[in-house]
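Below is one structure, written out as structure tokens; the observations come after it.
Both ligands and their constituent atoms are indexed starting at 1 by order of listing.
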Amino acid sequence: MAKILLNKKNLFHNLNLILKQTKSKEKVAIVLKDNAYGHGLLEIAKLAKEFGIKKAVVRTCEEARKINNYFDYILILADTNLSTYSHTFHIAVNSLEQIKQLPKNTQVHLKVDSGMHRNGINKDKLKEAIHGLYKQNLKFTGLFTHYRCADELATDFYWQRSNFRQIKEEVKNICEQLSIPLPKFHSANSSALFRINNFDEDFARVGIASYGYLETDNIFNNPDLKPVMSLWGQKIATREIKKGQRVGYGGGYIAKKDMTISTYDVGYGDGFFRLNEKHKYITPKGYEILGRVSMDNLSVNCNDENICIFNDARQLAKIHDTITYEITTKLNPTIKKEIIQ
Ligand SMILES: *Cc1c(COP(=O)(O)O)cnc(C)c1O
């Protein structure tokens, strides 16, 4: 059966590099949304807890419920429909309308638009939002924003940071006027965290760097992160083919000599994007994926019992003109996970 191996040593290595930036485990919130970017929600939650991480970020209440035993503090990014609620949950709110729908005592992180113009409350509406929380007996536990250009060398990043700094000051004033405790302030994702020299916020929301990647421009002094995931296929069958014979749909691969080839149980149905004859893809051990990838299998010029299909998503991200996030996140959640030490 196909499987995903999770390298615990590499995960801990990455978390240690992240710690160097935040200076404390309390200031790391590991982002586990979308099945921990394809790595397995429960597996990564368990390992992060073992490392000593106390905070997590997810997309839905359902995800939060599943990992509730592993963390003290869970930020839910995109779900205000609270079927279950726990004292560890903090709900991200993007609009004044959402505030009205929340039950009393819910802990709320307000997301503010500091310049990305995707989600978040307009900064002119913040006062109204905070007063709304207060009137409705909701707990204002966090204020956060997200950068549009943390991974590119652009002045936008500094502009947004300075906007957020200004917003923080305004929010502090509003809280003082209402005599309510200050919320936690946070803005950094992985690339922002590694760009900031003296990190001084309450925590960073770190996803991709935990898993061993950063999409940041090479111009930055990028840390030596190590990919956590590798995808493995198991052999289905082996055959001998003659020079000139073609392999797979469309006969996309033509044998240049007599050769031994095997099929393995991974395909685009498993979320391994379809490769075709236009892309040459070589596995870490130097084998070639031959012709087109099928829905549930692919052909390779070897006869090993199990092969590592990839252990670094960057080569595939390049071939498919996408980012490492998409390569790992698209893998089918049902693929079996195994933790290796
Ligand atoms: C996904 C997400 C993150 C994590 O980003 P990385 O680049 O993977 O570190 C942080 N904050 C928000 C709001 C997100 O949606």
Discussion item. Please tell me whether Thr88 and Asn68 have a donor and an acceptor in their side chains that are separated by less than 3.5 angstrom.
Written reply: yes
Response to the item:
The protein heavy atom nearest to atom 1 (C) of ligand 1 is Lys33 NZ, 1.5 Å
Discussion item. Just to verify, what does Gln21 make a side chain to side chain contact (heavy atoms under 4.5 Å, CB included) with, not counting sequence neighbours?
Written reply: Leu193, Phe194
Worksheet item: Does the side chain of Thr324 come under 3.5 Å of the side chain of Glu215 through a donor N or O and an acceptor N or O?
Response: yes
Worksheet item: So is there a nitrogen or oxygen of Gly207 less than 3.5 Å from a nitrogen or oxygen in ligand 1?
Response: yes
Practice prompt. Check for a donor-acceptor pair, side chain of Gln107 on one end and backbone N or O of Phe89 on the other, with a separation under 3.5 Å.
Written response: yes
Fill in: Per-atom contacts, ligand 1 versus Leu77 - under 4.0 Å to a heavy atom
13 (C), 14 (C), 15 (O)
Response to the item:
Numbered in order shown, the ligand 1 atoms found under 4.0 Å of a heavy atom of Tyr37 are 1 (C), 4 (C), 5 (O), 6 (P), 8 (O)
Worksheet item: Going by the atom numbers of ligand 1, which of them fall below 4.0 Å from some non-hydrogen atom of Tyr325?
Response: 6 (P), 7 (O), 8 (O)
Worksheet item: In terms of side-chain heavy atoms, does Tyr249 have a donor or acceptor partner in Ser294 at a distance below 3.5 Å?
Response: no
Worksheet item: Tell me: protein heavy atom nearest atom 5 (O) of ligand 1, and distance?
Response: Asn189 CB, 3.5 Å
Item to complete: Below 4.0 angstrom from a heavy atom of Ile208, which ligand 1 atoms are there? Numbered from 1 as shown, please.
Response: 6 (P), 7 (O), 8 (O), 9 (O)
Worksheet item: What class does the angle between the rings of Tyr211 and Tyr37 fall in, given that below 30° is parallel, 30 to 60° is tilted and above 60° is perpendicular?
Response: tilted
Worksheet, complete the sentence: With sequence neighbours left out, the residues meeting side chain to side chain contact (heavy atoms under 4.5 Å, CB included) with Ser162 are Arg165
Discussion item. Ignoring hydrogens and geometry beyond distance, is a side-chain donor-acceptor pair present between His117 and Arg148 at under 3.5 Å?
Written reply: no
Item to complete: Give the residue and atom name of whichever protein heavy atom lies nearest to atom 11 (N) of ligand 1, and the separation in Å to one decimal.
Response: Arg205 NE, 2.8 Å
Worksheet item: Which protein heavy atom lies closest to atom 9 (O) of ligand 1, and at what distance to 0.1 Å?
Response: Ser190 OG, 2.5 Å
Discussion item. Tell me the contacting part of Glu215 for ligand 1: side chain, backbone, both, or neither, using a 4.0 Å heavy-atom threshold, strictly below.
Written reply: neither
Practice prompt. Can you sort out which atoms of ligand 1 are near Val31, meaning under 4.0 Å from one of its heavy atoms?
Written response: 4 (C)
Worksheet item: How does His146 reach ligand 1, if at all, at less than 4.0 Å between non-hydrogen atoms: by side chain, backbone, both, or neither?
Response: side chain
